[in-house]
Amino acid sequence: MVRYNILRSAVCHWASKCKGIHLMKREIDYILRTTIENCFERNLLSRTDLPGYVIEVPGNPDHGHFATNLPLTLASAQKLPPRKIALIIADNLKDESNLLEKIEIAGPGFLNFRIRLGKWYSVLSDIITSGKDYGRNKIGENEKVVVEFISANPTGPLHLGHGRGAALGDTLCRILSFCGYDVVREFYINDAGQQIRLLGESIFSRLMQMKNPEYPFPESGYHGEYIRDLAEEIAGQINPDLMPKEEAIEMCSQKGKEIMLEDIKHDLSVFRVSFDVWYSESDLYDSSKLDNDLETMKGNGHLYEEDGALWIRTSDYGDDKDRVIKKKDGQFTYFASDISYHLDKHKRGFSKAINIWGADHHGYVPRIKAALMTHSVPENWLSVMLIQLVKLWKSGQEIKMSKRAGNFVTLQELVDEVGVDAVRFVFLTKNHDSTLDFDIDMVKKQDSENPVYYVQYAHARICSIFRKAEEEGITLPDNLEGILELLVLEEEVTLLRKMAEFPSLLEEISNTLEPHRLTYYLTELASSFHRYFNLGTKIAENRIISQHKDLTRARLALAGAVRIVISNGLELLGISAPERM
RNA sequence: GGGCGAUUAGCUCAGUGGAUAGAGCGCUGGUCUCCGGAACCAGAGGUCGCGCGUUCAAAUCGCGCAUCGCCCGCCA
């Protein structure tokens with residue numbers, strides 16, 4: 001949906017840059033505004049400002065290709081009933097480029113438009129010539145954005161929750177890049193502090209237990225089985241009998257964290273997720289960036305000491321209260337390094353930063369924004385997307401997980417069981433802000449209950465049709481002009497309309513940060529195609545490959561375009577588009 | 001107690017100002033001498049948690065209430 005402002009130039013000079021649905025909306029808007037202006041001049045309507053109206057693609061096919069609520073929004077200023085205004089507009093419509101086939105007044109005063117079929121055929125040509133680039137656009141041009149996601153501690157394997165963040169972040173990055181943004185994908189490694197120490201202690205204990213099963217295990221240590229695996233792997237490199245305990249624990253920390261990080265990288269590459277930057281927290285300390293930032297903050301008067309600790313005055317910028325960044329015992333809090341990390345992002349020249357965090361960190365958002373504002377970073381520079389919990393179901397039972405206790409399902413286990421495509425798809429079917437139930441049994445089924453197959457099947461089916469066409473020696477001409485007019489079925493126009501929405505959908509996803517809309521879109525497109533295909537099972541003339549040569553070519557072109565859009569969409573989701581299933 | 005989020009069909013969820021509120025699964029009944037049935041069609045199923053307000057128009061915006069989840073540390 002696009003809102004228009006009458007104060008903008010009435011000339012559609014940017015129309016040449018837009019395509020598909022956008023272009024048509026602009027053209028309709030131009031017609032509407034020209035018409036209204038004409039009505040003003042002839043005193044058919046009294047001259048008033050135009051309110052915010054909408055030109056949208058209606059869900060109901062009876063409502064035409066496009067609809068506007070302009071007459072409804074004009075009603076109060078004109079002091080006329082909406083249907084009366086609609087009638088005036090319809091009667092005086094200035095459609096100089098002959099875009100419209102039909103216009104109707106409907107409901108309380110909507111105007112429904114039907115576009116001439118010829119307009120839709122240009123969409124088809126556009127898809128075929130653009131191919132892999134269909135949907136690509138430039139709305140992000142000159143924008144450099146950093147997307148930080150997952151950022152798991154290297155103290156254990158990635159689990160389900162990380163998987164959701166991984167699928168979301170990766171797909172968002174793919175879409176943003178496709179929309180022209182300069183995207184940097186970043187993983188912040190919490191490789192300093194207490195939890196790494198705890199990892200070392202846990203490994204060390206398991207190491208000692210190899211000889212002495214009675215050796216105590218740290219109360220708050222990591223109980224997962226993987227710690228024993230780490231201990232075994234490290235056992236060949238460390239002999240705890242030959243070095244002081246402290247040194248051994250330190251080595252366990254270092255080795256353990258390195259191995260875990262490699263595991264994480266491996267799991268992510270299997271999950272088709274890549275990063276440009278692995279940003280190490282400990283570098284912030286080693287490079288003295290943190291110290292420098294503290295000096296700056298002190299100079300700006302945002303820090304103060306109280307009760308032996310160092311505080312930052314975040315409450316000046318909307319946080320509930322001030323926060324400690326250096327504890328009484330001289331240790332920095334995590335918040336300190338997080339501030340420094342985000343300042344560093346800002347210094348690196350990103351016009352926008354996006355973080356994907358678990359929803360349990362939501363209370364953290366105001367404080368990091370406040371800290372940034374003490375450095376004059378605007379509040380909306382950082383967008384934080386919060387992802388809710390994933391609940392895992394198996395055999396009708398919820399599987400409860402706890403990292404500390406060590407019973408959790410890892411991302412790798414899940415991927416091994418149901419496959420990357422299905423896991424990614426399911427993670428992207430829900431808004432990130434609502435909890436997600438992942439039913440393993442359903443996703444494992446290789447049948448229609450599995451949502452990802454539905455879309456992939458449409459792709460494989462089209463490939464199959466092309467194989468068949470090839471067998472019969474049917475080829476597509478370079479120039480489709482003259483034959484596309486044969487596409488007159490309502491189902492064919494529906495497909496064209498749906499595909500025309502693809503570029504603007506991607507723009508909207510970039511603006512709203514809602515990648516899950518792409519899975520819905522692809523499901524709808526696949527559905528429209530399956531329905532179209534099934535027309536041919538009843539009536540032979542409706543088959544894509546028929547006796548009518550030119551009609552067959554036109555329909556193959558249409559099916560080929562659907563294949564392109566599905567393939568491009570799946571690529572953005574990081575999901576394969578199989579030719580056979 | 002305060003904050004954030006949620007509440008839509010039997011279940012899991014889409015839908016942020018418009019027309020008869022949608023999808024998948026489940027349920028009932030249909031479509032195969034087939035270009036792939038991993039598909040399609042039809043049907044049943046809803047006081048959009050409750051109330052008040054704003055608006056020509058509210059699932060959608062505001063206020064209040066209820067229920068659920070999460071957060072509220074000089075932990076990470």
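Please read these numbers as outputs of a predicted model, since none were measured by experiment.
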K.L.:
To the nearest Å, give me how far apart CG (A:N534) and C1' (B:A39) are.
P.N.:
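Value for this atom pair: 5 Å.
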K.L.:
Is the phosphate of B:A76, meaning OP1 or OP2, less than 4.0 Å from a side-chain N or O of A:Y222?
P.N.:
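For B:A76, OP1/OP2 do not have a side-chain N/O of A:Y222 under 4.0 Å.
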K.L.:
Check whether the side chain of A:N112 and the base of B:A19 form a donor-acceptor pair under 3.5 Å.
P.N.:
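Yes.
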K.L.:
So is the aromatic ring of A:H63 stacked onto the base of B:A19, judging by whether the centres are under 5.5 Å apart and the planes are under 30° apart?
P.N.:
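Yes, aromatic ring over the base.
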K.L.:
Using the six-membered base ring of B:C75, report whether A:Y334 stacks on it, requiring centroids under 5.5 Å and planes under 30° apart.
P.N.:
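Per 5.5 Å and 30° rule: no stacking.
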K.L.:
Taking atom C1' of B:A14 as reference, at what distance in whole Å does atom CG of A:L505 sit?
P.N.:
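For the pair A:L505 CG and B:A14 C1', the rounded distance is 13 Å.
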K.L.:
Between B:A19, B:A76, B:G15, which one does the side chain of A:A67 approach most closely?
P.N.:
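Nucleotide nearest to A:A67's side chain: B:A19.
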K.L.:
Identify whether any heavy atom of A:E470 sits under 4.0 Å from a base atom; if not, whether one sits that close to sugar-phosphate; answer base, sugar-phosphate or nothing.
P.N.:
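Result for A:E470 = nothing.
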K.L.:
When the C1' atoms of B:C13 and B:U8 are compared, how many Å lie between them, rounded to an integer?
P.N.:
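One C1' to the other, the span is 9 Å.
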K.L.:
Under a 4.0 Å threshold between the charged nitrogen and the carboxylate oxygen, would A:E472 count as salt-bridged to A:K468?
P.N.:
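So A:K468 pairs with A:E472 through a salt bridge.
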K.L.:
Taking the same atom, P, in B:A9 and in B:C50, what whole-Å distance lies between them?
P.N.:
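Those two atoms are separated by 11 Å.
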K.L.:
Using the C1' atoms only, state how far B:A38 lies from B:G24, rounded to an integer number of Å.
P.N.:
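These two C1' atoms come out 14 Å apart once rounded.
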K.L.:
In whole Å, measure the gap between the C1' atoms of B:A19 and B:A59 for me.
P.N.:
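That atom pair is separated by 15 Å.
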K.L.:
How is A:F466 classified with respect to the nucleic acid when contacts are heavy atoms under 4.0 Å: base, sugar-phosphate, or nothing?
P.N.:
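If one applies the 4.0 Å heavy-atom cut-off, A:F466 turns out to touch nothing in the nucleic acid.
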K.L.:
Using a 4.0 Å heavy-atom cut-off, does A:D307 contact any base of the nucleic acid, only the sugar-phosphate backbone, or nothing at all?
P.N.:
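Here A:D307 touches the bases of the nucleic acid.
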K.L.:
Classify the nucleic acid contact of A:G536 as base, sugar-phosphate or nothing, counting any heavy atom under 4.0 Å across all strands shown.
P.N.:
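Result for A:G536 = base.
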K.L.:
Taking any strand in view, what nucleotide pairs with B:G1 in a Watson-Crick or G-U wobble way, both distances under 3.5 Å?
P.N.:
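By the stated definition (distances under 3.5 Å), B:C72 pairs with B:G1.
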K.L.:
Closest approach to the side chain of A:N69, judged atom by atom: which nucleotide of B:C74, B:G3, B:G18 is it?
P.N.:
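The answer is B:G18, which lies nearest to the side chain.
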K.L.:
Under 4.0 Å between a Lys/Arg side-chain N and an Asp/Glu carboxylate O for A:R197 and A:E201?
P.N.:
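Counted as a salt bridge, because a side-chain N and a carboxylate O are separated by less than 4.0 Å.
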K.L.:
I want to verify a distance call: between B:C13, B:C70, B:C35, whose nearest atom is closest to the A:Y520 side chain?
P.N.:
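The closest nucleotide is B:C13.
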K.L.:
Give the nucleotide from the list B:G73, B:A76, B:C35 with an atom nearest to the side chain of A:I545.
P.N.:
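Given the options B:G73, B:A76, B:C35, the side chain of A:I545 is closest to B:C35.
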K.L.:
Considering only the C1' atoms, how many Å lie between B:C25 and B:A66, rounded to the nearest integer?
P.N.:
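Each nucleotide's C1' atom is 30 Å from the other's.
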K.L.:
Taking atom P in both B:G53 and B:G45, compute the distance separating them and give it to the nearest angstrom.
P.N.:
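Here B:G53 and B:G45 have their P atoms 32 Å from each other.
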K.L.:
When you compare B:U31 with B:U47, how far apart are their P atoms, in angstrom units rounded to a whole number?
P.N.:
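Looking at atom P only, B:U31 and B:U47 are 33 Å apart.
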K.L.:
Considering only the P atoms, how many Å lie between B:C40 and B:G26, rounded to the nearest integer?
P.N.:
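Here B:C40 and B:G26 have their P atoms 13 Å from each other.
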K.L.:
Students often get this wrong, so: under 4.0 angstrom with heavy atoms, is A:E579 touching a base, only sugar-phosphate, or nothing?
P.N.:
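The residue A:E579 makes base contact.
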K.L.:
Looking only at heavy atoms, which two atoms of A:L72 and A:P108 are closest? And how far apart?
P.N.:
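Smallest heavy-atom distance, with atoms named: CD2-O, 3.7 Å.
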K.L.:
Looking for any heavy atom pair under 4.0 Å, which part of the strands does A:R517 touch: base, sugar-phosphate only, or nothing?
P.N.:
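No contact.
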K.L.:
Describe the nucleic acid contact of A:R580 in one word from base, sugar-phosphate, nothing, applying a heavy-atom distance below 4.0 Å.
P.N.:
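Touches a base.
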K.L.:
Would you classify A:A559 as touching base, sugar-phosphate or nothing, given that sugar-phosphate means primed atoms plus P, OP1 and OP2, and contacts are heavy atoms under 4.0 Å?
P.N.:
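No contact.
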K.L.:
Could you report the tightest heavy-atom contact between A:T523 and A:Y454, atom names first, then the distance?
P.N.:
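Between these two residues, the closest heavy atoms are O-CE2, 3.6 Å.
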K.L.:
Taking any strand in view, what nucleotide pairs with B:U20 in a Watson-Crick or G-U wobble way, both distances under 3.5 Å?
P.N.:
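Base partner found: none.
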K.L.:
Is there aromatic stacking of A:F110 on B:G18 here, judged by a ring-centre distance under 5.5 Å and a plane angle under 30°?
P.N.:
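Per 5.5 Å and 30° rule: no stacking.
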K.L.:
Would you mind telling me which of B:A76, B:U20, B:C13 lies closest to the side-chain atoms of A:Q195?
P.N.:
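Closest of the options to the side chain of A:Q195: B:A76.
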K.L.:
Taking the minimum atom-to-atom distance to the side chain of A:K327, which one of B:U20, B:A38, B:A76 wins?
P.N.:
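Among the listed nucleotides, the one closest to the side chain of A:K327 is B:A76.
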K.L.:
Pick base, sugar-phosphate or nothing for A:Q388, based on heavy-atom distances below 4.0 Å to the nucleic acid.
P.N.:
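Touches sugar-phosphate only.
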K.L.:
Check this one for me: any side-chain N or O of A:H516 less than 4.0 Å away from OP1 or OP2 of B:G15?
P.N.:
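Answer is yes, contact under 4.0 Å.
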K.L.:
Looking only at the side chain of A:L72 (C-beta and beyond, no hydrogens), which of the listed nucleotides B:A76, B:G73, B:C56 gets closest?
P.N.:
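Given the options B:A76, B:G73, B:C56, the side chain of A:L72 is closest to B:C56.
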K.L.:
Under 4.0 Å between a side-chain nitrogen and a carboxylate oxygen: does that hold for A:E490 and A:R114?
P.N.:
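Salt bridge flag = yes for A:R114 with A:E490.
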K.L.:
Within the 4.5 Å heavy-atom criterion, are A:L486 and A:H548 side-chain neighbours or not?
P.N.:
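Yes, at least one pair of side-chain atoms sits under 4.5 Å.
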K.L.:
For the atom pair CG (A:L199) and CD (A:Q254), what is the distance rounded to the nearest 0.5 Å?
P.N.:
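CD of A:Q254 is found 10.0 Å from CG of A:L199.
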K.L.:
Identify, between A:A192 and A:I544, the residue whose nearest nucleotide on RNA chain B lies closer to the 5' end.
P.N.:
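So the residue in question is A:I544.
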K.L.:
On RNA chain B, nearest-nucleotide positions of A:N60 versus A:E306: which is more 5'?
P.N.:
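Checking each residue's closest nucleotide, the 5'-ward one belongs to A:N60.
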K.L.:
State whether A:R555 and A:E492 are salt-bridged, where the test is any N-O pair (Lys NZ or Arg NE/NH1/NH2 against Asp/Glu carboxylate O) under 4.0 Å.
P.N.:
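Salt bridge: yes.
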K.L.:
Contact class for A:A309 (heavy atom, under 4.0 Å): base, sugar-phosphate, or nothing?
P.N.:
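Touches a base.
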K.L.:
Heavy atoms under 4.0 Å, any strand shown: does A:K468 hit a base, just sugar-phosphate, or nothing?
P.N.:
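Sugar-phosphate contact only.
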K.L.:
Counting only side-chain heavy atoms from C-beta out, which of B:A38, B:A19, B:U12 sits nearest to A:D437?
P.N.:
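Per side-chain heavy atoms of A:D437, the pick is B:U12.
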K.L.:
Strictly by Watson-Crick or wobble contacts shorter than 3.5 Å, is anything paired with B:U47, and which nucleotide is it?
P.N.:
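Paired with B:U47, as far as the under-3.5 Å criterion goes, is no nucleotide at all.
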K.L.:
Taking only the side-chain nitrogens and oxygens of A:R531, find out if one of them lies under 4.0 Å from OP1 or OP2 of B:C41.
P.N.:
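Checking B:C41 against A:R531, a side-chain N or O does come within under 4.0 Å of OP1 or OP2.
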K.L.:
Quick one: which of B:A19, B:A14, B:C35 gets closest to the side chain of A:S464?
P.N.:
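Ranking B:A19, B:A14, B:C35 by closest atom to the A:S464 side chain puts B:C35 first.
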K.L.:
So which nucleotide does B:A39 pair with, by the Watson-Crick or G-U wobble rule with both distances under 3.5 Å?
P.N.:
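Across any shown strand, B:A39 pairs with B:U31.
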K.L.:
State plainly whether the residues A:E491 and A:R531 are in salt-bridge range, i.e. N to O under 4.0 Å.
P.N.:
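No.
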K.L.:
Are side-chain heavy atoms of A:L525 and A:F529 found at a separation under 4.5 Å?
P.N.:
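Side chain of A:L525 against side chain of A:F529, heavy atoms only: no contact under 4.5 Å found.
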K.L.:
From CD1 of A:I566 over to P of B:A39, roughly how many Å is that when rounded to an integer?
P.N.:
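Those two atoms, CD1 and P, are 14 Å apart.
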K.L.:
Please classify the nucleic acid contact of A:T523 as base, sugar-phosphate, or nothing, using heavy-atom distances under 4.0 Å.
P.N.:
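The answer is nothing, as A:T523 stays clear of every strand by at least 4.0 Å.
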K.L.:
Under a 3.5 Å limit for both distances, which nucleotide forms a Watson-Crick or G-U wobble pair with B:U7, could you say?
P.N.:
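Pairing partner: B:A66.
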K.L.:
Between B:A76, B:C70, B:C74, which nucleotide has the shortest distance from any of its atoms to the side chain of A:H362?
P.N.:
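Nearest to the side-chain atoms of A:H362, counting from C-beta on, is B:C70.
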K.L.:
OP1, OP2 of B:A14 versus side-chain N and O of A:S434: anything below 4.0 Å?
P.N.:
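For B:A14, OP1/OP2 do have a side-chain N/O of A:S434 under 4.0 Å.
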